[in-house]
2 protein chains.
Amino acid sequence: MAKSLQLKTAELEKISHLDYFNIALSVDLVIFGYEDKELKVLLIKSDLEEFSGMYSLLGDLVRPDEDLDSAPYRVLLSRTGMDDVFLEQVHTFGSIGRHPSGRVITTAYYALIDIRHHQLQVDSNELHWHAINDIKKLAFDHKLILNTCLEQLRSQIMEKPVAFNLMQDKFSLRELQEVYEAILDIKLDRRNFRKKIAVKDWLQDLNEMESNLSHRPGKLYGLKKQFKRKSSKVLAI
Amino acid sequence: MAKSLQLKTAELEKISHLDYFNIALSVDLVIFGYEDKELKVLLIKSDLEEFSGMYSLLGDLVRPDEDLDSAPYRVLLSRTGMDDVFLEQVHTFGSIGRHPSGRVITTAYYALIDIRHHQLQVDSNELHWHAINDIKKLAFDHKLILNTCLEQLRSQIMEKPVAFNLMQDKFSLRELQEVYEAILDIKLDRRNFRKKIAVKDWLQDLNEMESNLSHRPGKLYGLKKQFKRKSSKVLAI
DNA sequence: ATTTTAATGTGTCATAAGTACATATTTATT
DNA sequence: AATAAATATGTACTTATGACACATTAAAAT
């Protein structure tokens, strides 16, 4: 296989016969969703005998004819049917022993999904949403990858308008606060939370109210246009 | 080459004959140093004909028998003789066309070097320090990699005690401020800078003074032990 | 119609952090 | 003894953070 590479430099030639291409490169996805006031992650039953019965992240080898950053979009689309999703690269994991089947280095991404808009086109009944606090161990080093991505998500939500990718287009401030509380896993003070969000100037007052509630409805807001991607998802600024 | 892999899963077997291993993985290093009140980067003349005359970052392919995070240490030691260096992984770059010789995905690291302590064991006279503001273009996508690493460095120096890796063990507050100014490329107010640093509680007053100056000497400080690595470099917390 | 329920919407005070800015002090040099 | 060139330090203003309580609204129940 390595012979089919079009290598030109002395360095690459010299190295190729030393089995340098025995390293495979994959992407792994921490797919976050939000439902029932909980942050969830989409997991699949591992198909490796070493990890039978355990769950793992969705992932795949990177193809030679796609950009690294395109691979996670392809995986998402092909494995879940979800398109137009917010994705961010987090870290690359490459310990020697991390994959039992061989040398695989993996670049981890996190995705943010509005579960209510992106229905799972389940290609297997082994795909399930798991509440983040219920995930105790995962196959491979995927728990480490999950923790790393969760930390990155937590550190970004007050800096950039990314949490909105977990929500529908219209939401009340209560709903927004609940999303933040689910991500951070702490209770927030309502007045202080609203003050902080107001300062960011991310929100558009839609002049609409919640409905079908058995109590006083809240105002509805949307993310300002300048922070949205096509089809209403948020830019990775 | 790919045949020599010990692949066990159906998925990997299926994929291996599709030339999936035609992707090579490398590491590239943005090696920062500080001298003459300037932030510098260690560059080497590119050995590719496509980029003849241009400079590039130090890098190498990752070997199958080393952890990904070990590769940059090996590169640093073998190419410059420098040991015990602060390194941090930043981002992985994997566009299809980024390397003219074939498909190479690269994980970028930045290193922080105290130039005065780590004399270059130059293995080639093509290795040179370049002031960061003088670097206009680089081979491959290395200017993008440099910019990404510089941004990460800038965003970390007020959060974590990493800038000290660019300095000698004993320093005055003026010298420290000059390092921060070089990294951020802005002038800082002396009083406010000292207040901010004091709050961090990173510094140990050494009860020594500068000497051999033609003006009033400043007090000397060192980084507190708890933030140091062996041989006086800073932990990546 | 009135009351109850369950939520929304809002302000103040105290503390901490950020920013702009000027003067007295110390050492070596002349 | 005077000069040069730097160090060391404080205050006033503004902005951000965190703790905390009460009046209001809409729907549902009576």
Side-chain angles (χ1 to χ4, degrees), chain A residues 34 36-38 154-161 163-164 167-223, chain B residues 36-37 154-161 163-164 167-223:
Chain A
Y34 170 78
D36 300 330
K37 306 191 182 181
E38 281 186 315
R154 283 178 175 163
S155 71
Q156 291 194 331
I157 57 174
M158 295 314 289
E159 312 297 323
K160 299 193 261 175
F164 303 90
M167 311 181 68
Q168 291 178 294
D169 280 358
K170 300 176 180 185
F171 49 83
S172 66
L173 291 176
R174 172 184 42 77
E175 290 173 309
L176 183 62
Q177 181 175 340
E178 285 167 354
V179 168
Y180 273 78
E181 290 176 336
I183 294 172
L184 299 173
D185 200 24
I186 52 173
K187 279 299 280 177
L188 298 172
D189 178 85
R190 183 155 40 108
R191 288 158 290 186
N192 293 337
F193 175 75
R194 285 166 185 233
K195 246 189 296 181
K196 270 195 192 168
I197 292 295
V199 169
K200 309 285 182 203
D201 205 31
W202 292 334
L203 297 188
Q204 183 79 54
D205 184 339
L206 298 178
N207 293 311
E208 291 180 67
M209 304 294 275
E210 291 181 290
S211 52
N212 300 321
L213 297 173
S214 63
H215 55 77
R216 175 177 177 181
K219 283 174 125 177
L220 289 177
Y221 294 83
L223 184 61
Chain B
D36 299 331
K37 306 193 181 178
R154 284 179 174 164
S155 72
Q156 291 194 333
I157 56 173
M158 294 314 290
E159 312 298 323
K160 299 193 260 174
F164 303 90
M167 311 181 67
Q168 292 179 295
D169 281 357
K170 299 177 181 183
F171 49 84
S172 67
L173 290 176
R174 170 184 43 78
E175 290 173 310
L176 182 62
Q177 181 175 341
E178 285 167 354
V179 167
Y180 273 77
E181 290 177 335
I183 294 173
L184 299 173
D185 200 23
I186 53 173
K187 279 299 282 178
L188 298 172
D189 178 86
R190 183 153 40 108
R191 287 157 291 187
N192 293 338
F193 176 75
R194 285 166 186 233
K195 244 191 295 182
K196 269 195 192 168
I197 292 295
V199 167
K200 308 285 182 202
D201 206 31
W202 291 336
L203 298 188
Q204 183 79 54
D205 184 340
L206 298 178
N207 293 311
E208 291 180 67
M209 305 294 274
E210 290 180 291
S211 52
N212 300 321
L213 298 173
S214 64
H215 55 77
R216 176 176 176 181
K219 281 175 127 178
L220 289 176
Y221 295 83
L223 184 61

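Source: prediction; values computed, not measured. Side-chain atoms are counted along with the backbone in the values below, which use heavy atoms only and exclude waters and symmetry mates. Reminder, nothing fancy here: chain letters follow the sequence lines and each chain counts from 1.
Of all the heavy atoms in B:L220 and B:D205, the pair that sits closest is O-OD1, 3.9 Å. Here the closest non-hydrogen pair linking B:D185 and B:R154 is CB-NH2, 3.7 Å. Closest non-hydrogen pair, B:L213 versus B:R174, comes out as CD1-NH2, 4.2 Å.
Nearest nucleotide to the A:N192 side chain, out of C:dG11, C:dA20, C:dG18: C:dG11. Counting only heavy atoms from C-beta on, A:R191 has its side chain closest to D:dA21 among D:dA21, D:dA5, D:dT17. Closest contact between the side chain of B:R194 and the listed nucleotides D:dA28, D:dT9, D:dC20 involves D:dT9. The listed nucleotides are C:dT8, C:dC21, D:dT7; the one nearest the side chain of A:R216 is C:dT8.
Counting any heavy atom pair closer than 4.0 Å across all strands shown, B:L213 reaches sugar-phosphate atoms only and no base atom. Among the protein residues, A:R190 comes within range of the nucleic acid bases, having at least one heavy atom under 4.0 Å from a base atom.
Ring-plane geometry between A:F164 and A:F171 is classed as tilted, the angle between the planes lying from 30 to 60 degrees on a 0 to 90 degree scale.
Following rounding to the nearest Å, B:Q177 (CD) and D:dT7 (C1') show an atom-to-atom distance of 12 Å. Rounded to an integer number of Å, the gap from NZ of A:K200 to P of D:dT15 is 16 Å. Taking atom CZ of residue B:F193 and atom C1' of nucleotide C:dC21, one finds them 18 Å apart after rounding to whole Å. Whole-Å rounding puts the A:K196 NZ to C:dG9 C1' distance at 19 Å. Spacing between atom CG of B:N212 and atom P of C:dA28 amounts to 10 Å, rounded to whole angstrom units. Distance, B:L220 CG to D:dA6 C1': 15 Å, rounded to whole Å. Rounded to an integer number of Å, the gap from OH of A:Y221 to P of C:dT8 is 12 Å. Atom CD1 of A:I197 is separated from atom C1' of D:dA16 by 15 Å (rounded to the nearest Å).
Contact annotation: A:K195 side-chain N/O to C:dT10 OP1/OP2 distance is not under 4.0 Å.
Projected onto DNA chain C by closest heavy-atom contact, A:M209 and A:S214 fall at different nucleotides, the more 5' of which corresponds to A:S214. Comparing B:R174 and A:D189 against DNA chain D, the residue whose closest nucleotide sits nearer the 5' end is B:R174. Along DNA chain C, the nucleotide nearest B:H215 and the nucleotide nearest A:E175 are compared for position; the residue whose nucleotide lies closer to the 5' end is A:E175.
B:F193 and B:Y180 have their aromatic ring centers within a separation under 6.0 angstrom.
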